[in-house]
Each structure stands twice: as C-alpha cells, then as structure tokens.
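Every chain is numbered from 1, with letters handed out A, B, ... down the list of sequences. Atom set for the values below is all heavy atoms of this structure, side chains included, hydrogens, waters and symmetry mates excluded.
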Amino acid sequence: MSHVDPDRLAELVLAPDDSPSDVRRHVESCSECAVTLAALSDVRRLVGEESLVPAPAGVRDRVMAQARTRPPPADDVVRPLASTVPAASRRGPRIPVWAAGLAAAVALVAGLGIGRVTVPEPAAPEPEDPGSVVAAADLTALDSDADRGVARAVSVDDMVTLRVSARELGDEDGFHEVWLINVDGTRMVALGVLADWDTGEFQVPRGLIEEGYRIVDISVEPEDGDPTHSGVSLARGELA
Amino acid sequence: MSTVAFPTLPSRRYGGAVVTGMSEVEEEQDDGVRSLAARLVAGDETALEQVYDRWSALVHTYALRALRDAGDAEEATQQVFVAAWRSRHTLVPSPHALPAWLIGIARHKVSDVRLARSRDADRAAAVAAQPEAHAVVEAADEEVADRLVVRQAVEELPDPRRTIVFLAFWEGLSHAEIADTVGLPLGTVKSHVRRGLVTLHQQLEGVRRESR
Ligand SMILES: [Zn+2]
C-alpha cells in the first residue's frame with residue numbers, strides 16, 4: 001500500500017471513529033506516516049487557544065517614520081540595550097542569515113574593533129606587557145562571592161585592552177562570552193568570546209569605560225546562533 | 001486589551017466544489033509573500049507597510065505573551081519592524097521566510113528586554129542559579145510562537161475554509177453546527193476542516209524550517 005494521503009491522516013486525528021481501518025493499520029506499520037500523524041496531532045493541540053492582539057494604534061506610524069529616517073551614524077556605537085545586537089563577525093557561519101543581517105543593520109560595533117576577539121595568546125597575558133592598568137575588576141559568581149578571576153583594562157598607546165583571566169566558570173555546554181554592561185543598567189556591548197574558555201583579550205574603544213561601561217559580565221552561550229546574551233551569567237565584576 | 005475580532009460571517013452562502021490538494025489560492029499566496037519579501041529587500045516602503053499590516057499582530061502578541069507587559073510589548077513591536085527594515089537586505093525571499101524572520105527578530109528583542117530586567121541583581125542571580133528555568137522559558141516561548149503562527153495561518157486560509165476552521169477549532173462548534181452556520185453540506189465542512197488542518201501543519205513546518 002502506498003502512503004496515506006495527509007487528508008486521511010487529518011481525518012484520523014479529527015475523527016478517529018470515522019477513519020477506515022486500513023488507514024489505521026498502515027500508520028501502525030509505517031513510520032513515515034506515523035510521523036506525519038504525530039505532527040498533525042501536534043497542530044491539533046496548538047489550535048484553539050491564542051488569539052492575535054493588534055499592536056496599539058500609533059506603532060505603525062512610528063515604525064514608518066523611523067524607517068524613513070536614516071539610521072544613526074556608524075560612530076554611534078552604543079545603542080540602547082533593547083536594540084543591542086552584537087557584531088555578526090563574532091559568530092561566523094553559525095548565525096542564521098536573518099540574524100547576521102540584523103547585526104549588520106544595527107551596525108553596533110562594526111568598524112570600531114570592539115566585538116572582535118584579538119588573536120588569543122597561547123598563555124595568560126604576560127605581566128610584563130607594556131601599558132598601564134587603568135581599571136580592574138574582581139570577578140565573582142552571581143549567586144555567591146566565589147572568586148571567578150579578574151579582568152583588567154590596560155591602556156596601550158591609544159587603545160584600551162580588556163584582559164580577562166577567569167576561573168572555575170563551570171563546564172556547562174556552550175561558549176563563554178564577555179560583555180560590558182553600563183552601570184545605568186540599560187545598555188551593554190558584546191566584546192567577544194573567550195576563545196580558550198577562560199582567558200582572552202578584547203580591544204575596547206577609549207572612552208567606553210569612562211562612559212559607564214564598567215560591569216564585566218561573562219555569560220555562557222548555547223551554540224544556537226542567537227547572538228544576544230543568553231541571560232545566564234557565570235561571573236561579574238565592576239571595573240574600578 | 002482587545003483581541004482581533006474574527007471577521008463576521010459573510011451573509012452569502014458558500015457553494016462550489018471543495019478544493020483538495022494545494023489550492024491555487026495558496027500557491028498564489030506563496031507567490032504574494034515572495035514578491036512582498038522581494039519588494040521589501042529592494043527598499044520599497046509600501047512593502048514595509050504591508051509587512052506591518054500583515055504580521056504586526058503576530059509579532060505584538062508574541063511580545064505580549066513573552067514579556068507580559070503591554071508597554072514593553074508595544075516598544076518591542078516597534079523595534080522589530082524598524083530592525084526588519086534596516087536589515088531587509090539579508091532577507092531571502094521564500095514563502096515562509098518573512099514570518100520566520102520577524103519572529104526571529106522578535107525573539108532577540110524579547111531576550112534583550114529580559115536581560116535588561118535581570119539587571120536586578122537578585123533576579124540575575126536566580127537565573128544564573130537555575131539554568132533549567134531559563135530553558136523552560138525558552139520552550140514556553142517556542143510554543144507561543146507556534147500557536148501564533150498557526151493562528152496567523154488560519155487568517156490566510158481562503159474563505160470559506162478560514163471561517164470553517166475558525167469555528168471548528170477556536171469556537172469549538174461541531175461540524176453539524178458549522179454546516180448550519182455557513183450553509184454547506186456536512187461532508188464539505190468536514191473536508192474543509194481536514195484540509196485546513198493539513199495546511200496549518202504545512203505552514204507551521206515551513207516557518208519552523210526557516211527558523212533553523
Ligand atoms: Zn506510509
């Protein structure tokens with residue numbers, strides 16, 4: 001017997017008593033049709049509850065007005081948290097097309113160098129590196145004061161480099177990503193991934209820290225292509 | 001809070017044969033979405049208006065369910081469509097790509113808002129201490145998105161199937177009651193409900209595929 005028409009499978013979901021027994025028998029012995037049947041049952045479970053709630057009047061006009069104005073200039077690197085999307089370059093091919101475009105569109109960090117991981121050193125940053133420490137943060141766990149390492153902002157020539165040397169971040173699946181959160185609690189920027197799990201260096205535009213981006217945050221990010229903060233922070237500390 | 005009123009039943013009675021298989025109307029709709037996406041990518045502002053008119057309720061309802069705050073949902077909705085416009089060049093025009101793409105952007109906005117809220121140190125600590133709670137939230141979001149995609153797909157069914165499917169699944173009418181209401185034979189009503197379920201499944205699968 002060839003496969004059962006989806007229409008007949010829908011009938012089996014909706015009115016099993018009306019369904020001919022040969023359909024039932026086929027599904028019991030055919031995994032392909034069983035999968036379709038399960039999917040249709042799933043849709044049947046999903047229907048009937050939600051209704052669509054229209055967006056309030058006025059949103060449409062505001063969207064169109066914003067669409068007609070040019071996006072902010074590229075040097076407006078720091079955007080409100082609600083529209084922050086980290087640079088596409090961080091995730092490479094894992095980013096779905098739309099997410100990469102989103103990142104490109106809001107142009108958060110493109111062209112300024114933040115968000116790019118500098119080539120990771122094979123070992124932890126060497127203490128005799130040139131430059132002076134301008135700020136440092138003791139990193140701790142969020143739910144206790146457990147030590148999670150340190151982050152230092154080092155000034156070299158015209159750039160500030162954030163050197164992160166974390167520890168005991170746990171072994172949860174995913175990768176570790178470093179963020180700077182503004183002390184106003186509403187904005188953040190992604191610096192990049194801790195390429196070797198707990199240490200890394202990130203260039204930060206001069207002035208960013210002075211603007212209030214002082215809270216160093218390390219998150220664990222599932223490899224799901226979602227470039228936003230996972231909401232799961234492993235360590236934090238404030239640069240002072 | 002108001003909900004979208006389902007269109008009142010047309011006074012005329014339906015006739016004609018029940019279409020089986022993928023209807024021409026559905027194929028035309030797919031072409032319509034594809035060309036709408038293409039116009040959006042090309043920078044046509046009227047395409048953005050049409051995209052907004054068609055999917056803003058979907059995006060807004062998703063944000064409302066996920067954020068449970070009317071003001072945040074309104075703000076997120078606005079940001080989703082502005083972000084969609086500014087990143088339009090990345091959209092690959094395919095029938096299901098547009099809603100999948102909009103929901104993807106909405107997910108980002110929702111997680112941004114949640115993160116902003118979690119700056120409350122106690123809540124952040126709670127999240128950090130309970131990664132599984134985070135996973136539960138995500139799974140609930142997925143389910144809401146699926147339900148809304150299905151609800152939207154009903155809107156896009158050609159009538160009388162749209163009305164019949166709505167009455168069957170959302171109003172809970174029996175097939176006989178629907179037959180009385182719309183003035184069609186019982187067998188025709190059953191056929192529309194079956195085909196409707198299959199189409200909703202296809203739409204949902206299409207959007208899920210594009211979301212990956
Ligand atoms: Zn089969």
Side-chain angles (χ1 to χ4, degrees), chain A residues 6-7 9-11 13-15 18 36 39-40 42-44 46-56 59-60 62-64 66-68 71 81-85 96-106 141-143 172 181 185-186 188 220 226-234 236, chain B residues 1-4 20 45 48-49 52 56-58 60-61 64 74-75 77-79 81-83 85-87 89-92 101 104-105 107-109 111-116 118-119 124-125 127-129 131 134 144 146-148 150-152 169-170 172 193-195 197-198 200-201 204-205:
Chain A
D7 208 61
L9 293 175
E11 181 177 45
V13 169
L14 294 166
D18 296 353
T36 308
L40 287 167
D42 200 36
V43 175
R44 177 67 188 88
L46 292 170
V47 297
E49 287 189 20
E50 290 290 345
S51 31
L52 298 174
V53 184
V59 176
R60 189 181 192 271
R62 293 202 297 275
V63 167
M64 294 313 298
Q66 273 189 273
R68 288 182 183 113
L81 182 59
S83 60
T84 292
V85 176
V97 171
W98 54 260
L102 185 62
V106 299
L142 272 74
D143 51 354
E172 191 174 334
I181 301 176
T186 66
M188 70 189 308
V220 60
D226 181 345
T228 56
H229 194 295
S230 65
V232 182
S233 293
L234 302 175
R236 270 191 200 167
Chain B
M1 180 187 302
S2 60
T3 54
V4 173
T20 55
E45 286 175 9
L48 177 61
E49 289 174 340
Y52 183 90
S56 59
L58 174 68
H60 178 251
T61 311
L64 203 54
E74 178 174 350
E75 175 75 19
T77 303
Q78 181 178 337
Q79 290 178 358
F81 285 93
V82 171
W85 174 252
R86 291 184 178 157
S87 60
H89 52 282
T90 65
L91 175 64
V92 178
W101 183 63
I105 298 171
R107 271 195 193 108
H108 279 74
K109 298 301 174 196
S111 53
D112 284 352
V113 173
R114 286 198 180 128
L115 181 64
S118 78
R119 67 177 179 263
V127 168
H134 189 66
V144 168
D146 283 352
R147 286 182 188 280
L148 294 172
V150 167
R151 183 64 187 84
Q152 172 84 16
F169 294 147
W170 272 265
V193 175
R194 288 198 303 269
R195 288 302 312 161
L197 187 68
V198 171
L200 298 183
H201 163 243
L204 181 61
E205 287 296 303

Handout entry: A:Q66 side, atom CD; B:Q79 side, atom CD - distance, nearest 0.5 Å
Key = 8.0 Å

Completion exercise
Closest heavy-atom pair, B:A57 versus A:P54, reported as atoms and distance to 0.1 Å, is CB-CA, 4.0 Å

Exercise for the section: Pick one of side chain, backbone, both or neither for A:V13, based on which atoms fall under 4.5 Å of a heavy atom in chain B. Expected result: side chain

Fill in the blank from the handout: Turns out that what part of B:Y52 lies under 4.5 Å from chain A's heavy atoms comes down to side chain

Problem - Between B:V150, B:D146, B:T77, B:V82, the one whose heavy-atom pairs under 4.5 Å with chain A are most numerous - result: B:V82

Practice task
Provide the closest heavy-atom pair for A:A67 versus B:L48 in the form atom of the first, atom of the second, distance.
Solution key: CB-CD2, 3.5 Å

Exercise for the section: Grab the two heavy atoms, one from A:A10 and one from B:L197, that are nearest each other, plus how far apart they are. Expected result: CB-CD2, 4.1 Å

Practice task
Please report the closest heavy-atom contact between A:V59 and B:E74, naming both atoms and the distance.
Solution key: CG2-CG, 3.5 Å

Exercise for the section: Tell me, for B:V198 versus chain A, whether the close heavy atoms (under 4.5 Å) come from the side chain, the backbone, both or neither. Expected result: both

Problem - Contact leader toward chain A among B:H201, B:Q78, B:E45, where contacts are heavy-atom pairs under 4.5 Å - result: B:Q78

Exercise for the section: Using non-hydrogen atoms and a 4.5 Å limit, figure out which bit of B:L204 sits close to chain A: side chain, backbone, both or neither. Expected result: side chain

Handout entry: Winner by heavy-atom pair count (cut-off under 4.5 Å) against chain A, out of B:S111, B:S56, B:G172
Key = B:S111

Practice task
Drop me the distance from A:R62's CZ to B:F81's CZ, to the nearest 0.5 angstrom.
Solution key: 13.5 Å

Practice task
Verify side-chain contact (heavy atoms from CB on, under 4.5 Å) between A:L14 and B:F169, making sure each step is shown before the conclusion.
Solution key: CA-CA 11 Å; A:L14 294 166; B:F169 294 147; 3.8 Å; yes

Fill in the blank from the handout: Answer key: most heavy-atom pairs under 4.5 Å with chain B among A:L40, A:T36, A:D18, A:L9 is A:L40

